[in-house]
Amino acid sequence: MARRYDCSDATDRATGLREAASAVRRGELVVLPTDTVYGVGADAFSAEAVSDLLEAKGRGRGMPTPVLVGSPNTLHGLVTDFSELAWELVDAFWPGALTLVANHQPSLTWDLGETRGTVAVRMPLHPVAIELLTDFGPMAVSSANLTGHPSPQDCDAAQEMLGDSVSVYLDGGPTPAAVPSSIVDVTGKVPVLLREGAISAEELRKVVPELEVAN
């Protein structure tokens, strides 16, 4: 039976965050608010938990799960060959709606799907998400919807779609917008905008003028 916690109440929020972290440590799924849409999260280093996440969404391994972090410093243990331009994007837009696709550390024992040696990583601008990520560590997080359905902007919509496949729901109220994060590939010498979302190419180029846009 799924448990739901109202994060507008201080006591419920503290209990919910504690229960959510415990659930993730047990290999279970949790739903959390972010600055874009609600996400469904699991332990990024548990292949079984990530597989359960993909199954709950009805999503194949060909669309790997992004990873959310609670601090830019976490990147040092997750990625390699991270350029100065990539760090400039982090400094300018994290926490926020920017996902960076980077080469992950070869030593990491995780299975996020067919990643081809890369990881899509982001630090969300939402206090509940950051608190959970700071407590637990990096989490595999995807939008909390069934594949093909709209991404949820509130906890009700997420729970309606995912039901008891999720152990803990953290209700942080409506999210600001349904616009997804922008995705920039920083695996090469020049960053490439793969998806324009909440942050425009124009805004990104104010920080990295060299930015290219994928066809």
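Note that the coordinates shown come from a computational prediction; the quantities given were computed from them, not determined experimentally.
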With a 4.5 Å cut-off on side-chain heavy atoms, are [Y] and [X] touching?
| X | Y | answer |
| --- | --- | --- |
| L132 | V30 | yes |
| V40 | V166 | yes |
| R13 | P127 | yes |
| T36 | R122 | yes |
| F93 | L100 | no |

Nearest non-hydrogen partners of [X] and [Y], listed with the distance:
| X | Y | value |
| --- | --- | --- |
| L162 | S165 | O-OG, 2.6 Å |
| E203 | A198 | OE1-O, 4.0 Å |
| L193 | I183 | CD1-O, 3.4 Å |
| G39 | T34 | N-CG2, 4.5 Å |
| V168 | G16 | CG1-O, 4.2 Å |
| L29 | A49 | CD2-O, 3.7 Å |

Output the distance between atom [atom1] ([X]) and atom [atom2] ([Y]), rounded to the nearest 0.5 Å.
| X | Y | atom1 | atom2 | result |
| --- | --- | --- | --- | --- |
| C155 | D171 | SG | CG | 4.5 Å |
| D43 | E28 | CG | CD | 11.5 Å |
| R3 | T15 | CZ | OG1 | 11.0 Å |
| S71 | L133 | OG | CG | 10.5 Å |
| E88 | L85 | CD | CG | 5.5 Å |
| L194 | E212 | CG | CD | 11.0 Å |

Test item: [X] side-chain N/O and [Y] main-chain N/O as donor-acceptor pair under 3.5 Å:
| X | Y | value |
| --- | --- | --- |
| Y38 | G172 | yes |
| S51 | A47 | no |
| K57 | S143 | yes |
| Q105 | V79 | yes |

Check the pair Q159, V31 against side-chain contact (heavy atoms from CB on, under 4.5 Å), reporting the backbone distance first and the verdict last.
-> CA-CA 8 Å; Q159 192 163 7; V31 158; over 6 Å; no

Excluding sequence neighbours, so at least two apart, what forms ring-ring contact (aromatic ring centres under 6.0 Å, His included) with H149?
-> none

F45 meets the ring-ring contact (aromatic ring centres under 6.0 Å, His included) criterion, sequence neighbours left out, with W110

List the residues meeting side-chain contact (heavy atoms from CB on, under 4.5 Å) with [X], not counting sequence neighbours, and say none if there are none.
| X | answer |
| --- | --- |
| R205 | A201, L211, V213 |
| D12 | Y5, D6, D9 |
| V141 | L32, L68, M139 |
| P176 | none |

In sequence, state the C-alpha distance, the side-chain angles, and the governing distance for V184 and L204, and then conclude on side-chain contact (heavy atoms from CB on, under 4.5 Å).
-> CA-CA 9 Å; V184 175; L204 292 164; 3.9 Å; yes

Any chance you could lay out the side-chain contact (heavy atoms from CB on, under 4.5 Å) test for L78 and L108, step after step, and finish with the verdict?
-> CA-CA 7 Å; L78 300 181; L108 292 179; 4.1 Å; yes

Is the closest side-chain donor-acceptor distance between S181 and T99 under 3.5 Å?
-> yes

Please say yes or no: joined through hydrophobic side-chain contacts below 4.5 Å, possibly via intermediate residues, are [X] and [Y] part of one cluster?
| X | Y | value |
| --- | --- | --- |
| V37 | I130 | no |
| I199 | V190 | no |
| F136 | V50 | no |
| L89 | F82 | yes |

E210 atom CD, over 12 foreign heavy atoms within 6.0 Å | yes

Should we say atom CD of E160 is surrounded by more than 12 heavy atoms from elsewhere, each under 6.0 Å from it?
-> no

